[in-house]
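Read through the structure below, which is laid out as structure tokens, and then see the notes.
It should be emphasised that the depicted structure is a prediction, and the values quoted were computed from it without experimental measurement. All residue numbers in this chain count up from 1 along the given sequence. Worth knowing before you read on, the calculation uses all heavy atoms, side chains too, and leaves out hydrogens, waters and symmetry mates.
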Amino acid sequence: MGGRGPGCGLRGPAARLRVPGDAWAAWGPGLWWPATTGRHVAAGSNAMRIQLTALDRNSRVVGMAGRPVRLLRHNRRGQVRSWVPQLSARYTDGTALLADCPSHPDASGERTLHAAETVTQACAHPGWTCQRLTPLHDIPPPT
């Protein structure tokens, strides 16, 4: 799940996952250095960086990666569509999470929601979970 390595395919009619190669290593405008991994994780937004911080404090998390896989699927017209979850986390029990980190609860369109459904279905095959992580609340400034 670290964003490197050979491609891996899921057997199934709807979709397959591909682990990006070195071309993805430089993705993202920012890097986060979590204690969990001891190496940089790409963070493409403040919402994503906040979620990485929260995951880093979870003692069950043993690994994290930014934009870890690409889901490829065919729509009804046969066109190839792709979706890349923003981050992943691997837990001590071997399970994994693929997640998107919206900046606010209403930050999604119809295509985003459909892609999230497809990712959730594809994640079930290897026993992973997929979630849209709830944005953390803003901390009000002191008065």
For this session: To the nearest 0.5 Å, tell me how far L87 CG sits from L55 CG.
Result: 6.0 Å
For this session: Spell out, as yes or no, whether a donor-acceptor pair under 3.5 Å connects the side chain of T95 to the backbone of Y91.
Result: no
Problem set entry | Validation row: H74, V80 side chains within 4.5 angstrom (heavy atoms) | yes
Problem set entry | Non-hydrogen side-chain atoms of V69 and W83 separated by less than 4.5 Å | no
Problem set entry | Minimum heavy-atom distance between S59 and T92, given as atom pair plus value | O-CG2, 4.1 Å
Exercise. Looking at P135 and P102, what are the two nearest heavy atoms and their distance?
Worked result: CG-O, 3.3 Å
Seminar exercise, completed: CD1 (I50) and SG (C101) are apart, to the nearest 0.5 Å, by 9.5 Å
For this session: Give, for atom CG of N58 and atom CE of M64, the distance between the pair rounded to the nearest 0.5 Å.
Result: 9.5 Å
Exercise. Between G66 and M48, what is the shortest heavy-atom contact and its length?
Worked result: CA-CE, 3.8 Å
For this session: Please round to the nearest 0.5 Å and tell me the distance separating atom CG of L98 and atom CZ of R67.
Result: 12.5 Å
For this session: State, yes or no, whether a side-chain contact exists between V61 and R90 at a heavy-atom distance under 4.5 Å.
Result: no
Exercise. Who passes side-chain hydrogen bond (donor to acceptor under 3.5 Å, both in side chains) against T36, sequence neighbours left out?
Worked result: D56
Problem set entry | Partner set under side-chain hydrogen bond (donor to acceptor under 3.5 Å, both in side chains) for R81, not counting sequence neighbours | Q79
Exercise. Would you say the side chain of D100 lies within less than 4.5 Å of the side chain of Q131, judging by non-hydrogen atoms?
Worked result: no
Exercise. What distance do C130 atom SG and E117 atom CD have between them, rounded to the nearest 0.5 Å?
Worked result: 10.5 Å
Exercise. Is Q86 reaching over with its side chain to a backbone N or O of R132, donor-acceptor style, under 3.5 angstrom?
Worked result: no
Exercise. Rounded to the nearest 0.5 Å, how far apart are CZ of R70 and CG of L72?
Worked result: 7.0 Å
